[in-house]
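These notes are about the structure you will find just below.
Hydrogens, waters and symmetry mates play no part in the numbers below; they use all other heavy atoms, side chains included. The first residue in the sequence is number 1, and the count goes up from there.
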Amino acid sequence: MMLSGRLLISLALATNALATLLSPRDVTQRTCGTTISDEEILAAEQDFQSKVAQLDAARPLAAAAAATISVYFHVISEDSTEAGGNVPDSQIQEQIDVLNADYADSELSFTLAATTRTVNSDWFNNAGPDSSQQDEMKETLREGGAADLNVYTVGFTSGSGAGLLGYATFPSSYDSYPTDDGVVILFSSLPGGSTTNYNEGRTLTHEAGHWVGLYHTFQGGCSGVGDQVDDTPAEASPAQGCPTGRDTCSSAGTDPIHNYMDYSYDSCLNEFTADQVTRLTDQIATYRGL
């Protein structure tokens with residue numbers, strides 16, 4: 001499959017050489033799947049604008065109803081231990097609680113529909129964007145339809161996923177590749193996990209943001225097409241840590257370092273903007289039937 005078709009969100013800022021030296025718990029910066037070019041965004045947005053216009057014409061002017069998303073959680077581990085990826089039910093429920101808190105202003109809610117547990121060291125270590133392991137994993141385990149969020153927890157120790165915290169698919173790619181749909185995250189990024197600075201559950205909040213149609217706040221830098229929302233100031237590059245007052249573009253507004261779609265520490269992330277909420281609502285109505 002061509003990457004532009006899959007529209008995977010996979011942006012590995014660390015080099016593979018560095019990533020292979022790190023254990024799953026030694027992530028030094030947020031890393032989230034591959035780039036999507038401005039040209040690819042323009043093509044995707046042309047399709048979206050055409051379809052959302054038809055949707056707007058068909059639906060009433062009243063505000064969209066709250067939507068509930070069923071979450072299928074697939075725990076992949078290399079053995080039966082928690083250190084080997086077998087995260088406990090308590091952490092999974094805490095992660096669902098974090099999602100619900102972070103998306104509260106969007107009127108989206110998330111409910112745990114089922115949990116599967118699979119011991120497969122090949123999937124755990126080698127699943128990553130465009131890998132045969134992730135294809136096999138998803139084809140075997142995925143449940144539900146376009147409106148259902150499938151989450152896979154793995155180790156990201158080698159291959160195309162080495163050093164990542166997570167990656168996801170966009171809503172617009174579902175019709176072309178339904179079995180590929182979902183989010184893959186590092187198991188130790190769940191609340192209470194062992195990945196320092198990235199263990200409060202915001203990795204899934206971030207990746208779920210892509211799954212409902214949001215781009216990174218730094219998409220396109222200062223002069224590119226941007227993230228397709230007006231109330232996130234342009235940002236030249238992803239933030240790291242929590243750099244208060246950071247301002248990397250000459251346009252109005254300091255960098256949106258607290259936005260869930262930036263790369264700051266989990267403890268620094270605390271908001272979606274009003275325009276992001278409007279966009280994700282339209283995206284899931286258009287492509288996920290919600």
Side-chain angles (χ1 to χ4, degrees), residues 7 9 11 30 32-33 35-36 38 40-42 44-49 51-53 55-56 59 63-69 98-110 147 149 165-174 183 185 200-222 224-239 242 246-249 251-266 268-288 290:
L7 289 178
I9 310 158
L11 183 56
R30 189 174 299 281
C32 161
T35 57
I36 178 171
D38 283 357
E40 289 168 330
I41 286 181
L42 288 171
E45 291 305 307
Q46 183 177 10
D47 179 72
F48 172 52
Q49 294 302 326
K51 289 178 178 176
V52 79
L55 183 68
D56 287 340
R59 66 186 175 183
T68 299
I69 294 172
V98 168
L99 279 179
N100 281 315
D102 292 348
Y103 281 85
D105 290 342
S106 74
E107 297 193 14
L108 285 184
S109 62
F110 299 82
L149 174 59
L165 280 174
Y167 63 98
T169 56
F170 287 114
S172 56
S173 67
Y174 179 82
V183 168
I185 60 171
E200 297 181 22
R202 270 39 189 271
T203 291
L204 185 52
T205 299
H206 177 102
E207 301 304 339
H210 294 310
W211 187 82
V212 296
L214 301 180
Y215 298 121
H216 290 128
T217 53
F218 50 85
Q219 177 65 43
C222 297
V225 298
D227 63 356
Q228 303 299 305
V229 296
D230 293 333
D231 58 356
T232 54
E235 186 176 24
S237 60
C242 193
R246 184 177 189 253
D247 191 2
T248 56
C249 293
S251 54
T254 57
D255 292 357
I257 65 165
H258 299 294
N259 196 283
Y260 293 121
M261 303 314 294
D262 205 347
Y263 272 16
S264 307
Y265 287 162
D266 276 16
C268 190
L269 301 177
N270 59 27
E271 67 176 6
F272 289 115
T273 66
D275 286 351
Q276 283 177 315
V277 169
T278 297
R279 176 178 171 81
L280 72 85
T281 300
D282 286 343
Q283 280 271 315
I284 62 175
T286 301
Y287 295 112
R288 299 200 180 279
L290 289 168

Once ring-ring contact (aromatic ring centres under 6.0 Å, His included) is applied, do any residues pair with Tyr260, and if so which ones, sequence neighbours excluded?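 If we apply the ring-ring contact (aromatic ring centres under 6.0 Å, His included) test to Tyr260, skipping adjacent residues, the hits are Phe272.
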Going by the angle between their ring planes, with limits at 30° and 60°, are Phe218 and His216 parallel, tilted or perpendicular?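 Ring orientation of Phe218 relative to His216: parallel.
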With sequence neighbours left out, write down each residue that passes side-chain contact (heavy atoms from CB on, under 4.5 Å) with [X], or none if nothing qualifies.
X	value
Ala236	Cys222, Thr248, Cys249
Thr68	Ser109, Thr111
Glu45	Ile41, Phe48, Gln49, Tyr215, Gln228, Arg279

Do [X] side-chain atoms and [Y] backbone N/O form a donor-acceptor pair below 3.5 Å?
X	Y	answer
Tyr174	Ala147	no
Asp262	Ser264	no
Asp231	Thr273	no

Minimum side-chain heavy-atom gap Leu108-Ile284 below 4.5 Å: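 Counting from C-beta outward, Leu108 and Ile284 do come under 4.5 Å.
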Looking at Gly209 and Tyr103, what are the two nearest heavy atoms and their distance?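 Answer, listing the atom of Gly209 first, then Tyr103: N-OH, 2.8 Å.
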State, to 0.1 Å, how close Cys242 and His258 come at their nearest heavy-atom pair, and which atoms those are.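 Nearest heavy atoms, Cys242 then His258: SG-CE1, 3.9 Å.
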Could you check whether Asp255 pairs with Arg246 (Lys NZ or Arg NE/NH1/NH2 to Asp/Glu carboxylate O, under 4.0 Å)?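 Looking at Asp255 and Arg246, the cut-off is met.
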Are Thr217 and Asn259 linked by a side-chain donor-acceptor pair shorter than 3.5 Å?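 On atom types as modelled, these side chains do not qualify, holding no pair under 3.5 Å.
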Does Thr205 have any side chain to side chain donor-acceptor pair (under 3.5 Å) partners at least two apart in sequence or in another chain, and if so, which?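 Asp102.
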Please list, chain by chain and in numerical order, all residues satisfying side chain to side chain donor-acceptor pair (under 3.5 Å) with Asn270, sequence neighbours excluded.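 Counting only residues at least two positions away or on another chain, Asn270 forms no side chain to side chain donor-acceptor pair (under 3.5 Å).
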